Amino acid sequence: MIESLIAQQQYQDALDMLTDMNDEKTRYLRLVCLVGLGEYVKAKAEGMYAKSQATDTYYDVVSMYVTTLKELGEFEEAIQLLIEELSMPYIPYQYENLFNTAYDQILLEKQEANYEVESKNQIFSIEEIEQILKNKECNDDLLYMALDQLQQLNIRLIIPTIKDYLRSPDRHFFAKSLLIEILIEQQVDEDIEVEKFGYVYDVNPSYMSLVLEQSQYEGIFTYLETALENDNPSLLEQCREYLEYYLYSIYPKDIYEEEYGVIAATIHYYIMTLQYMDVDFDDLEVMYHCEREEIEQEILALKQIEC
């Protein structure tokens, strides 16, 4: 009957019936009711005790307690609790997903609440960023905010987590390149494996160039500039922007000088198809000094990035 009242959002009626504080399920259901009623201060007080005594309902109690802290704006305490739980050697899968999602949401709410009163590099701590990188299903906006702030922090403090992220095939290729650039800028001298599109690269950031400081950027763009600058400056600018995206996507893969022309031709082709413009392969072959078969082969590689 009590759970039926809760399902109907009749929280006060249910709460009046939940009087046995020695029963852990009662303590949990009281938290559900208090949160439903918006009585967060009382929910926090009861939640602290319920959490310390819980066994079978432990993860459900933690979930309600985290919700209570979030609603009270006590983001730091909620974040610390979630980090502790997610660092445990075993946590049921459904709660791991629940806590990871809650962690992302609370960090975003913390960022929004603090944006007006804190400087940009104070929003996330290094520990919070580390947890973001460990979360396999992290919100993209949150991830890129964290990477932006990581530039202002000491990345060496979380090198093991960075290495795991870079070698994992499940992490986004673009974010990996941004991480490598931070390692370069902070002159990290470490041997690191980077997985991109099924290939593994052994790199050391202290010997690497930033993505757009590599010679291939200027080399490929020169081909595009020669072909398009006078005839279609707007298309040239779009090709330049896509070239930068392309280089970030495949980094740290080497591109050799003899490949510059065919990559430029492929980018030219790709941008034209996006605008539903007719493409003449004969013209591309002449402008970029390459063969149609080479362009078609590179197009297949380009599609991998777009997946």
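This one's a predicted model, so the numbers in the text were calculated from it and none came from an experiment. Residue numbers run from 1 in the order of the sequence given. Heavy-atom basis, side chains included; hydrogens, waters and symmetry copies ignored.
Using a distance-only test at 3.5 Å, with no hydrogens or angles considered, a donor-acceptor pair links the side chain of Y103 to the main chain of E128.
Among pairs with a residue in residues 251-262, none fulfils side-chain hydrogen bond (donor to acceptor under 3.5 Å, both in side chains), at least two apart in sequence or across chains.
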Would you be so kind as to tabulate the donor-acceptor pairs closer than 3.5 Å made by side chains of residues 160-167, with sequence neighbours excluded?
{"unit_1": "T161", "atom_1": "OG1", "unit_2": "E130", "atom_2": "OE2", "d": "2.7"}
{"unit_1": "K163", "atom_1": "NZ", "unit_2": "E190", "atom_2": "OE1", "d": "3.1"}
{"unit_1": "D164", "atom_1": "OD1", "unit_2": "R167", "atom_2": "NH1", "d": "2.7"}

Side-chain donor-acceptor contacts of residues 48-56 below 3.5 Å, not counting sequence neighbours, with atom names and distances?
{"unit_1": "S52", "atom_1": "OG", "unit_2": "Y49", "atom_2": "O", "d": "2.7"}
{"unit_1": "T55", "atom_1": "OG1", "unit_2": "E24", "atom_2": "OE2", "d": "2.4"}

Show me the donor-acceptor pairs within less than 3.5 Å that the side chains of residues 180-188 make with the rest of the protein, sequence neighbours left out.
{"unit_1": "E181", "atom_1": "OE1", "unit_2": "Y248", "atom_2": "OH", "d": "2.9"}
{"unit_1": "E181", "atom_1": "OE2", "unit_2": "V211", "atom_2": "N", "d": "2.8"}
{"unit_1": "E181", "atom_1": "OE2", "unit_2": "Y248", "atom_2": "OH", "d": "3.3"}
{"unit_1": "Q186", "atom_1": "OE1", "unit_2": "I155", "atom_2": "N", "d": "3.0"}
{"unit_1": "Q186", "atom_1": "NE2", "unit_2": "L153", "atom_2": "O", "d": "2.7"}

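Considering only residues two or more places apart in sequence or on other chains, S234 meets the side-chain contact (heavy atoms from CB on, under 4.5 Å) condition with N232, Q238. Applying the side chain to side chain donor-acceptor pair (under 3.5 Å) criterion to Y58, with sequence neighbours excluded, gives E85. In this view, D20 and N22, D23, T26 satisfy the side-chain contact (heavy atoms from CB on, under 4.5 Å) rule, not counting sequence neighbours. In this structure, Y217 has no ring pair (Phe, Tyr, Trp, His ring centres under 6.0 Å) partners at least two apart in sequence or on a different chain. Take E296 and apply the side chain to side chain donor-acceptor pair (under 3.5 Å) test, not counting sequence neighbours, and it matches R292. Partners of Y144 according to the ring pair (Phe, Tyr, Trp, His ring centres under 6.0 Å) rule, which considers only residues two or more places apart in sequence or in another chain, do not exist here. Residues meeting the ring pair (Phe, Tyr, Trp, His ring centres under 6.0 Å) test with Y95, sequence neighbours left out: Y59. Taking Y288 as the reference, H268 meet the ring pair (Phe, Tyr, Trp, His ring centres under 6.0 Å) condition, with sequence neighbours excluded.
Taking a cutoff of 4.0 Å between a charged side-chain nitrogen and a carboxylate oxygen, R240 and E225 do not qualify as a salt bridge.
Side-chain atoms of N135 and Q131 include no donor-acceptor pair closer than 3.5 Å. The closest side-chain donor-acceptor pair between E218 and T222, if any, does not fall under 3.5 angstrom. Under 3.5 Å, the side chains of Q94 and N97 contain no donor-acceptor pair of N or O atoms.
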